[in-house]
Asker: 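Handing you this structure, nothing more for now.
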Protein chains: 2
Amino acid sequence: MRKIAERIEYSPTTIYLHFKDKQALFQELCAVDFLAFARVFERVLKVKDPVERLRKIGLTYVKFGLEHPHHHRLMFMTPHTPVDPEPGSIQKGNPDQDAYALLRLTVEQALEAGALRTDLGDADALAQVLWSGVHGVVALQIAKGNDAWIDWKPVAKTAERMVEAMIHGLAAPRAARRS
Amino acid sequence: MRKIAERIEYSPTTIYLHFKDKQALFQELCAVDFLAFARVFERVLKVKDPVERLRKIGLTYVKFGLEHPHHHRLMFMTPHTPVDPEPGSIQKGNPDQDAYALLRLTVEQALEAGALRTDLGDADALAQVLWSGVHGVVALQIAKGNDAWIDWKPVAKTAERMVEAMIHGLAAPRAARRS
DNA sequence: TCCGATACTTAACATTGTTTCGTAACGGAT
DNA sequence: ATCCGTTACGAAACAATGTTAAGTATCGGA
């Protein structure tokens, strides 16, 4: 707080005129981050093939997390109080503002195209697996990437392997694929 | 610190006779946790088939994280200062005390058995992908599991799907399998 | 001119990690 | 028995940080 105040050249107390407390401020910051986050995914829309788009989404997620580790930590590695009271600025379910909705939608399209296995669950189930996979790559890198205990492979490589493994693992067997 | 002091019925100062500072205390706690963590994996040794063991390792990782979320957070979601000065209590590379070594070893065995793809990297590469995958499931659950924004599937299910997808995605194609 | 709202700050308070200093207890050497 | 050093501990104080209470300056309108 005091650091922030100094940075914006105001007194610490002034911040409390705009935000109830530290948590409220971070929540707002988080909302802004989520919008920026969603905007990053606008570009993947130009990839038309659903499966290729899933690959792109995964790699984009990792790229964002690695380029903005602090934001990633705030958004995805820090529990926030039940974030109920703010359906304000960002729209759930709208793929333009809600990146999860975009992921889910793309999984749905891939399912409809018969490109993904149907025996593991619905679109939400597969979306959450994919999300978890790429999230793990970023989260481990951020939290333990500097830990000399492990002989880490380059994160970018791990991300590629992760996406390849998951997509391949979730892909419908050729027998069940309709052209 | 004061809470801890109260809990152990000593004065806060006394803690500093045993630990340099809060960080040192947490580091020690972390080391203890890692030993307990490794002990959990002793039981997977009875699974002889390397690939099945990898499945078991993954599910065990998730189980541990969900049963001890605070410890998981401390161990895998919190960056610690370069942990160099303590090759003391825990042995790197010994599968009995170092769970990553066990994972890596099992991947090696699976590779030797011709059960895993060889085009994605060596044992470390595959081990890190597998670790990241299951870690992502736990980490997302801990950090965002209470977030109503997402319609979460049950974590246990997601974990199973994750393991299934990764193992299947990393498995050697039947044509390349020997035996 | 007065008034109230607006925007901001200074000072103080509570909590928490940490350091300084003092003290009680104990074991051995004289 | 006395002295002394070590060990184990705590009370008080300090520093940093989130937060609140109270006060001040400015400005637009009645």
Side-chain angles (χ1 to χ4, degrees), chain A residues 1-37 65 68-90 139 142-149, chain B residues 1-37 65 68-90 139 142-149:
Chain A
M1 286 289 112
R2 286 168 142 95
K3 301 273 179 63
I4 296 172
E6 192 178 340
R7 192 75 141 59
I8 61 180
E9 304 202 290
Y10 281 94
S11 99
T13 32
T14 302
I15 300 176
Y16 290 87
L17 299 176
H18 300 278
F19 302 95
K20 181 181 162 293
D21 55 11
K22 194 186 179 183
Q23 197 175 252
L25 192 162
F26 274 51
Q27 210 151 296
E28 188 60 30
L29 207 174
C30 210
V32 173
D33 280 347
F34 271 116
L35 271 181
F37 179 71
H68 310 96
H70 293 113
H71 295 263
H72 181 91
R73 176 175 288 279
L74 180 64
M75 290 189 285
F76 299 115
M77 299 173 74
T78 308
H80 302 282
T81 52
V83 68
D84 329 87
E86 53 117 0
S89 55
I90 190 171
I142 290 179
K144 312 281 294 180
N146 290 327
D147 196 322
W149 187 270
Chain B
M1 286 288 113
R2 286 170 143 95
K3 302 272 179 64
I4 296 173
E6 192 177 341
R7 192 78 140 62
I8 61 181
E9 304 202 289
Y10 281 95
S11 97
T13 333
T14 302
I15 300 177
Y16 290 88
L17 298 176
H18 301 277
F19 302 94
K20 181 181 160 291
D21 55 13
K22 193 185 180 184
Q23 197 174 255
L25 192 164
F26 275 50
Q27 211 151 295
E28 188 60 30
L29 207 174
C30 210
V32 173
D33 280 348
F34 271 116
L35 271 182
F37 178 71
H68 310 95
H70 294 113
H71 295 263
H72 181 91
R73 176 175 287 279
L74 181 63
M75 290 189 285
F76 299 115
M77 297 173 75
T78 309
H80 301 282
T81 52
V83 68
D84 327 89
E86 52 117 359
S89 56
I90 191 170
I142 290 179
K144 310 283 293 179
N146 290 327
D147 196 323
W149 187 270

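Residue numbering restarts at 1 for every chain, and letters A, B, ... go by the order of the sequence lines.
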Asker: In whole Å, what is the span from the NE2 atom of His18(A) to the C1' atom of dG18(D)?
Answerer: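 Taking NE2 of His18(A) and C1' of dG18(D), I get 17 Å after rounding.
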Asker: Separation of Tyr16(A) atom OH from dT6(C) atom P, in whole Å?
Answerer: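 Between P of dT6(C) and OH of Tyr16(A): 22 Å.
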Asker: Walk me through it: do Trp149(B) and Lys144(B) pass the test side-chain contact (heavy atoms from CB on, under 4.5 Å)?
Answerer: CA-CA 9 Å; Trp149(B) 187 270; Lys144(B) 310 283 293 179; over 6 Å; no
Asker: Can you see which heavy atom on Ala143(B) is nearest to which on Arg73(B), and at what distance?
Answerer: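 Here Ala143(B) and Arg73(B) meet closest at CA-NH2, 4.3 Å.
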Asker: Which residues in residues 4-14 of chain B have a heavy atom closer than 4.0 Å to any atom of DNA chain C?
Answerer: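 Contacts with DNA chain C under 4.0 Å: Thr13(B).
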Asker: Give me the atom names and distance for the closest heavy-atom approach of Ile8(B) to Tyr10(B).
Answerer: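 The answer is O-CD1, 3.1 Å.
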Asker: More 5' along DNA chain C: Leu17(A) or Met1(B), using each one's nearest nucleotide?
Answerer: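 Closest to the 5' end, via its nearest nucleotide, is Leu17(A).
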Asker: What is the minimum heavy-atom distance between Pro79(A) and Ile142(B), and which atoms define it?
Answerer: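 That closest heavy-atom pairing would be CB-O, 4.5 Å.
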Asker: Apply side-chain contact (heavy atoms from CB on, under 4.5 Å) to the pair Phe37(A) and His68(A), showing each step before the final yes or no.
Answerer: CA-CA 10 Å; Phe37(A) 179 71; His68(A) 310 96; over 6 Å; no
Asker: Return all side-chain donor-acceptor pairs below 3.5 angstrom for residues 18-25 of chain B, not counting sequence neighbours, or 'none' if the list is empty.
Answerer:
{"unit_1": "Asp21(B)", "atom_1": "OD1", "unit_2": "Gln23(B)", "atom_2": "N", "d": "3.3"}
{"unit_1": "Asp21(B)", "atom_1": "OD1", "unit_2": "Ala24(B)", "atom_2": "N", "d": "3.0"}
{"unit_1": "Gln23(B)", "atom_1": "NE2", "unit_2": "Thr81(B)", "atom_2": "OG1", "d": "3.3"}

Asker: Establish, with yes or no, whether the OP1 or OP2 oxygen of dT16(C) is under 4.0 angstrom from a side-chain nitrogen or oxygen of Lys3(B).
Answerer: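 The answer is yes; a side-chain N or O of Lys3(B) sits under 4.0 Å from OP1 or OP2.
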Asker: For Asp33(A) versus His71(A), what's the shortest heavy-atom pair and its separation?
Answerer: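 Answer, listing the atom of Asp33(A) first, then His71(A): OD2-ND1, 2.7 Å.
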Asker: Ile15(A) has an atom CD1; how far is it from atom P of dT20(D), in whole Å?
Answerer: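 Between P of dT20(D) and CD1 of Ile15(A): 13 Å.
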Asker: What is the bend of the helix from dT1(C)-dA30(D) to dT30(C)-dA1(D) when you compare the axis at one end with the axis at the other, using five pairs each and rounding to 10°?
Answerer: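 Roughly 40°, once rounded to the nearest ten degrees.
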Asker: Using every non-hydrogen atom in the two residues, find where Ala139(A) and Met77(A) come nearest and quote the distance to one decimal.
Answerer: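 Scanning both residues, the minimum pair turns out to be O-CE, 3.9 Å.
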Asker: Is it the case that the side chain of His80(B) and the backbone of Leu74(B) share a donor-acceptor pair, with hydrogens and angles ignored and the cut-off at 3.5 Å?
Answerer: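 Checking the backbone N and O of Leu74(B) against the side chain of His80(B), a donor-acceptor pair under 3.5 Å is found.
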Asker: Find the distance Lys22(A):NZ to dT15(C):C1' and express it as a whole number of Å.
Answerer: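 That distance rounds to 13 Å.
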Asker: Expressed in angstrom and rounded to an integer, what is the separation of Leu25(B) atom CG from dT16(C) atom P?
Answerer: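 Rounded to whole Å, this separation is 16 Å.
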Asker: Expressed as a whole number of angstroms, how long is the span from Asp21(A):CG to dT17(D):P?
Answerer: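 Computing the Asp21(A):CG to dT17(D):P distance gives 18 Å.
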Asker: Rounded to the nearest Å, what distance is computed from the NZ atom of residue Lys20(A) to the P atom of nucleotide dT19(D)?
Answerer: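 In whole Å, dT19(D) P and Lys20(A) NZ are 8 Å from each other.
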